[in-house]
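These numbers were taken from a predicted model, which means no experiment stands behind them.
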Amino acid sequence: MDEQKKCDHDHHHHGADDIDPVAELQEMDAASRSLSQALGVSFVILKGIMAIVVLAFLASGFKTIGPDEQGMVLRFGQPRMVASETDSADPYVREAGWIWIWPYPIEELVKIPVKQKVPVPINSFWWFQTAAELTGGPPRRAGRTLSPVNDGYCLVRGESMEDLFGGDVLSSGGLDYNIVHSKWQVEYSIGNVRNFFKNVFVTAPKPGEIYYELMTESVTPLLQNIVESAVVESLARYSIDEAIQSTDSIPRAVKARAQEKLDEIQSGIKIVTLSMTDVAVPRQIQSAFSEFIAARQQAQTLVAEADAYAQSKLNETAGAVARDLADYLADPDPRRANRWDQAKGQVRQKITEAEAYRTQVVDMAQADARYFQKLLPEYRERPELVVKSLYIDAIREVMADADEVFLLNPQTGGKTRELRYNLNRDPSLIKKKAVEANKEAMN
C-alpha cells in the first residue's frame with residue numbers, strides 16, 4: 001500500500017514537469033495582445049465620442065436673434081460686450097443675426113423683443129363691472145351712491161363761473177372737484193435693452209418657458225402703476241368738459257408724464273401709444289349732468305349771440321375802433337382821442353354830417369354878419385323901413401312852404417274882426433298835393 005502511494009506520488013510529480021513553458025508564454029502574449037488591441041480600439045472610440053461631445057458642446061453656442069429682437073450675452077450672469085463702442089451705439093447689445101457664445105453655464109443669451117408692441121388695458125378708473133357685464137351682458141342698475149371701495153374714479157379740476165359761461169359772469173371762484181370714470185389703453189415696447197435688463201426684474205425662464213410671457217407678466221403691473229399715477233396727476237389739471245370731450249391734449253399729457261416716470265427709473269420701456277378709450281360721468285348723475293350740459297350750451301349760445309350782436313352793432317356804429325371809442329366816452333383818455341379819425345359806420349356819418357352842418361352854420365353866420373354890416377347904414381337913416389323890410393322877408397321865408405296863406409291886417413278904430421273859414425277846402429289844392437307826392441315817390 002505504501003508502494004502504491006509512492007508510485008502515485010511519483011506519477012503526479014512527473015505530470016507537472018511535462019508542461020512546456022514556451023507554449024505557456026505564447027498563450028500569455030496572445031491574450032495580452034488581444035487585450036491591448038481591445039483597449040486601443042476603446043480609446044479610439046472614446047476619443048471620437050469625446051470629440052463629438054466637444055463639437056456638440058461648442059455647436060450649442062450658435063444662437064440666432066430674430067429680426068424683432070435684440071440680445072444680451074451674459075457671462076456668469078453679468079453682461080458681456082459683444083461689439084466695440086465704435087461699432088454699436090450700445091456695445092452690450094447685439095442686433096438680429098447669428099451669434100456664437102460659450103455654452104451654458106459659462107455664457108447665456110437673453111433675447112428681448114424690442115419691436116413688438118405689447119398692449120396693456122387700464123380699467124382701474126372705471127366703475128365695478130360683474131363678469132356678465134364684462135362679457136357683454138346687460139349692465140346692472142347703479143347704486144344710489146358711488147362706492148369708493150369697488151368703483152374706480154378720478155378727479156378733475158372744478159370749473160369757475162367764468163369757465164362755464166365765459167367772461168366775468170357772477171363769481172369767478174372755483175367750484176369743487178368733479179368725478180369722472182375713464183378707461184385707458186397703453187402700448188409699449190422695449191426701447192433700451194440694457195436699461196431694461198438692468199433695472200426691471202423679470203423672472204429667469206425655466207426650460208419650456210417663453211421669455212416674452214415672463215416679461216409681460218413683470219412689466220404689466222409696473223406699467224399700470226406708473227400710468228395710473230400719471231392719469232391722476234394729469235386729469236387734475238383739466239375740467240370735466242375737457243375730459244368728457246376726450247381732447248387729444250389729455251392723452252398726450254398722460255403719455256408724457258408716464259414716460260417721464262419710466263425714464264426716471266431708467267426702465268428702458270418706451271410708451272408707443274396711449275389713448276383714453278372711454279370716459280363717462282358717474283351713472284348716478286348722468287341724467288342731471290345731461291340736463292346741465294344742455295342748459296349750459298343754451299346759455300353759451302345766448303351769450304355768443306349777444307356778443308355777436310354787440311360786436312355787429314359796434315362795427316356798424318364805428319368799425320374796428322368802436323370798443324376804444326366806447327371806453328373813451330366812459331373814461332376820457334387823450335390817448336384814445338385820435339381814434340375818432342379812424343371811426344367808420346354811423347359814427348363817421350354823424351361826424352361828417354356834423355362837420356358839414358358846422359361849416360354851413362359858420363358860413364350862414366358869416367353871410368348874415370356881412371349882410372347886417374351892409375344894412376347898418378340904411379338902418380341908421382330909415383330904421384322903420386328896414387325893420388319892416390326884414391319882417392316881410394322873414395314872413396316870406398317862413399310861409400314859403402305853406403299851401404295857403406291868409407294875411408290879416410290889424411283893424412283900426414277899435415273894431416273887432418270876424419274870421420270865417422270854410423272847412424271844405426279847395427279840391428284843386430288836394431289834387432295838387434297828391435301829384436307832388438307821387439312825383440317825390442317816383443324820384
Side-chain angles (χ1 to χ4, degrees), residues 120-129 139 142-188 221-265 271-307:
V120 177
I122 299 178
N123 301 324
S124 53
F125 298 109
W126 200 252
W127 57 69
F128 173 75
Q129 291 180 299
R144 296 183 59 185
T145 59
L146 184 143
S147 174
V149 177
N150 299 322
D151 297 329
Y153 63 91
C154 194
L155 296 179
V156 293
R157 69 172 176 84
E159 293 177 309
S160 64
M161 290 299 179
E162 183 177 357
D163 295 329
L164 294 175
F165 302 104
D168 296 330
V169 181
L170 300 179
S171 173
S172 60
L175 304 178
D176 293 336
Y177 279 84
N178 297 306
I179 291 177
V180 69
H181 300 288
S182 60
K183 290 183 179 181
W184 301 80
Q185 180 74 20
V186 184
E187 283 188 346
Y188 73 91
L222 170 65
L223 193 64
Q224 285 178 338
N225 290 333
I226 289 180
V227 173
E228 288 172 2
S229 175
V231 169
V232 172
E233 296 178 9
S234 300
L235 278 183
R237 302 185 179 94
Y238 292 89
S239 67
I240 190 168
D241 275 346
E242 294 169 331
I244 293 297
Q245 293 171 1
S246 302
T247 58
D248 295 337
S249 59
I250 296 179
R252 286 199 301 267
V254 175
K255 178 182 177 182
R257 183 56 182 151
Q259 188 64 60
E260 181 181 352
K261 290 177 175 290
L262 291 171
D263 294 340
E264 287 177 357
I265 62 174
I271 297 179
V272 181
T273 60
L274 189 148
S275 59
M276 186 162 54
T277 58
D278 202 354
V279 61
V281 297
R283 294 176 294 174
Q284 292 81 1
I285 62 168
Q286 282 183 349
S287 59
F289 185 79
S290 299
E291 294 176 358
F292 166 74
I293 293 295
R296 184 178 60 183
Q297 290 176 349
Q298 183 180 4
Q300 291 175 344
T301 300
L302 294 176
V303 171
E305 291 176 354
D307 290 340

- Message: Check whether Thr301 reaches the backbone of Gln297 with its side chain - one donor and one acceptor, N or O, closer than 3.5 Å.
- Response: yes

- Is there side-chain contact between Leu155 and Ile179, with heavy atoms separated by less than 4.5 Å? yes

- Do Glu242 and Arg237 have side-chain heavy atoms sitting under 4.5 Å apart? no

- Okay, side chain of Asn123, backbone of Lys183: is any donor-acceptor separation there less than 3.5 Å? no

- Item | Minimum heavy-atom distance Ala258-Ile271, with the two atoms named | CB-CD1, 3.6 Å

- Trp126: partners by ring-ring contact (aromatic ring centres under 6.0 Å, His included), with sequence neighbours left out: none

- Nearest atoms (heavy-atom pairs only) where Pro121 meets Gln224: O-NE2, 3.5 Å

- Straight-line distance of Ser124 OG to Glu228 CD, nearest 0.5 Å: 3.0 Å

- Atom pair CG (Asn178) and CD1 (Ile285), whose distance is rounded to the nearest 0.5 Å: 7.5 Å

- Query: Short question: side chain of Lys255, backbone of Val272 - any donor-acceptor pair under 3.5 Å?
  - Reply: yes

- Option passing side-chain contact (heavy atoms from CB on, under 4.5 Å) with Ile122 (candidates Leu223, Val227, Leu274): Val227

- Message: Could you check whether atom OH of Tyr238 has more than 12 heavy atoms from other residues, nucleotides or ligands sitting under 6.0 Å from it?
- Response: yes

- Message: Looking at every non-hydrogen atom in both residues, tell me the closest pair between Val232 and Cys154 and how far apart they are.
- Response: CA-SG, 3.9 Å

- Quick one: CD1 on Ile265 to CG on Leu222, what's the gap to the nearest 0.5 Å? 5.0 Å

- Message: Can you tell me how far apart CG (Leu235) and CZ (Phe125) are? Round to the nearest 0.5 Å.
- Response: 7.5 Å

- Message: Rounded at 0.5 Å granularity, tell me how far CH2 in Trp127 sits from CD in Gln284.
- Response: 9.0 Å

- Item | Minimum-distance pair of heavy atoms, taken over all atoms of Thr277 and Trp184 | OG1-N, 3.9 Å

- Message: Please give me the minimum heavy-atom distance between Ser182 and Met276, naming the atom from each residue.
- Response: CB-SD, 4.0 Å

- Query: When you check the side-chain N and O atoms of Gln185 and Ser275, is any donor under 3.5 Å from an acceptor?
  - Reply: no

- Item | Lys261/Glu264 ion pair, N-O < 4.0 Å | no

